[in-house]
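For reference, the structure discussed in these notes is given below.
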Amino acid sequence: ASQSTQPKSRSRSTEDHLLTLLLRHRELTRGVAERIPPDDLLDARNRELLRYLTDPNLLPLTAEQVVAGLDDELADHAEALMLDVAGQPEQYPGQVQREAAQTLEKLGRERYAFLSRQIQAGIEAAVREEDGETMVALRDQLLALAERHRELYPPVSPYFRDSRSPVQH
């Protein structure tokens, strides 16, 4: 069995894992791929791969055919992603779709946490510098981010109460 020449020391990011699922299971994950905000992908290679994977003109092609048509750097990245899962057993379609959706949700939560920390740090700096205009702008960004974060919430359960449940008197 030949080993990859790449060391396995680098841990796979959530976005790499998501792109691996999209490449490996194009048909099953098409709906998830179309829901990914490209700005949530920090790696430019992953953004470019997503663009190809969601291109309607390329839908009939297999992952191997798509990768074969990419420039060398992007093709190498896609092949490295695919090598990460080489030898893993196949999953049932429902498992693949669930894993892709959960990975997309995880990516959204990670991106929210990252952006939220950045905005909070900016607000703290603006408070120290007593820059009211920047504080207002950053507060508005934080509110918009919080509104977008609500999309990541699970649906309201008809069986269990949570903070979104109506108050009963």
Side-chain angles (χ1 to χ4, degrees), residues 1-122 141-142 144-158 164:
S2 66
Q3 290 288 324
S4 169
T5 56
Q6 291 284 67
K8 288 283 186 179
S9 61
R10 101 179 163 99
S11 66
R12 280 191 349 181
S13 69
T14 302
E15 76 178 61
D16 283 350
H17 181 64
L18 181 57
L19 267 292
T20 300
L21 289 170
L22 299 180
L23 274 167
R24 188 172 187 193
H25 306 284
R26 286 195 72 212
E27 285 293 317
L28 296 173
T29 59
R30 185 178 317 147
V32 171
E34 292 169 352
R35 293 185 0 231
I36 299 173
D39 292 341
D40 280 4
L41 300 177
L42 300 179
D43 188 330
R45 299 170 302 179
N46 287 339
R47 281 193 302 274
E48 191 68 13
L49 263 179
L50 178 65
R51 192 172 64 77
Y52 284 109
L53 292 173
T54 56
D55 184 336
N57 298 322
L58 303 179
L59 287 178
L61 302 179
T62 66
E64 291 77 17
Q65 292 170 323
V66 171
V67 171
L70 301 174
D71 67 59
D72 289 343
E73 182 184 346
L74 196 55
D76 290 345
H77 177 64
E79 289 167 358
L81 291 176
M82 295 297 285
L83 278 176
D84 281 349
V85 294
Q88 287 184 355
E90 284 297 318
Q91 297 173 295
Y92 291 111
Q95 290 173 312
V96 170
Q97 291 166 333
R98 200 168 25 261
E99 183 177 358
Q102 289 170 345
T103 305
L104 175 57
E105 289 171 13
K106 181 180 179 188
L107 180 67
R109 286 190 306 270
E110 287 175 359
R111 187 72 175 143
Y112 170 78
F114 172 75
L115 291 173
S116 183
R117 283 191 305 270
Q118 272 192 325
I119 292 172
Q120 289 291 348
Q141 286 180 15
L142 192 59
L145 184 63
E147 188 59 39
R148 179 173 168 230
H149 182 63
R150 291 187 208 293
E151 297 170 10
L152 301 172
Y153 290 0
V156 176
S157 170
R164 299 169 292 168

Calculate, to the nearest 0.5 Å, the distance between atoms [atom1] and [atom2] belonging to [X] and [Y] respectively.
X	Y	atom1	atom2	value
Leu23	Glu64	CG	CD	9.0 Å
Thr103	Leu21	OG1	CG	5.5 Å
Leu49	Leu18	CG	CG	11.0 Å

Main-chain N/O of Val32 paired to Thr29 side chain as donor or acceptor, under 3.5 Å: no

Leu41 backbone acceptor or donor facing Arg47 side chain under 3.5 Å: yes

Minimum side-chain heavy-atom gap [X]-[Y] below 4.5 Å:
X	Y	result
Met82	Glu79	no
Leu22	Thr54	no
Leu53	Arg26	yes

Applying side-chain hydrogen bond (donor to acceptor under 3.5 Å, both in side chains), can you list everything that pairs with [X], at least two apart in sequence or on another chain?
X	result
Arg51	Glu48
Glu99	His17, Gln91
Thr14	Glu110

Closest heavy-atom pair and its distance - [X], [Y]:
X	Y	value
Asp16	His77	OD1-CE1, 4.0 Å
Ala78	Leu70	CB-CD1, 4.4 Å
Leu74	Tyr52	CD2-CE1, 3.8 Å

Residues in salt bridge (Lys or Arg N to Asp or Glu O under 4.0 Å) contact with [X], at least two apart in sequence or another chain:
X	value
Arg30	Glu27
Asp43	Arg45
Arg111	Asp40

Gln65, CD atom: more than 12 neighbouring heavy atoms under 6.0 Å: yes

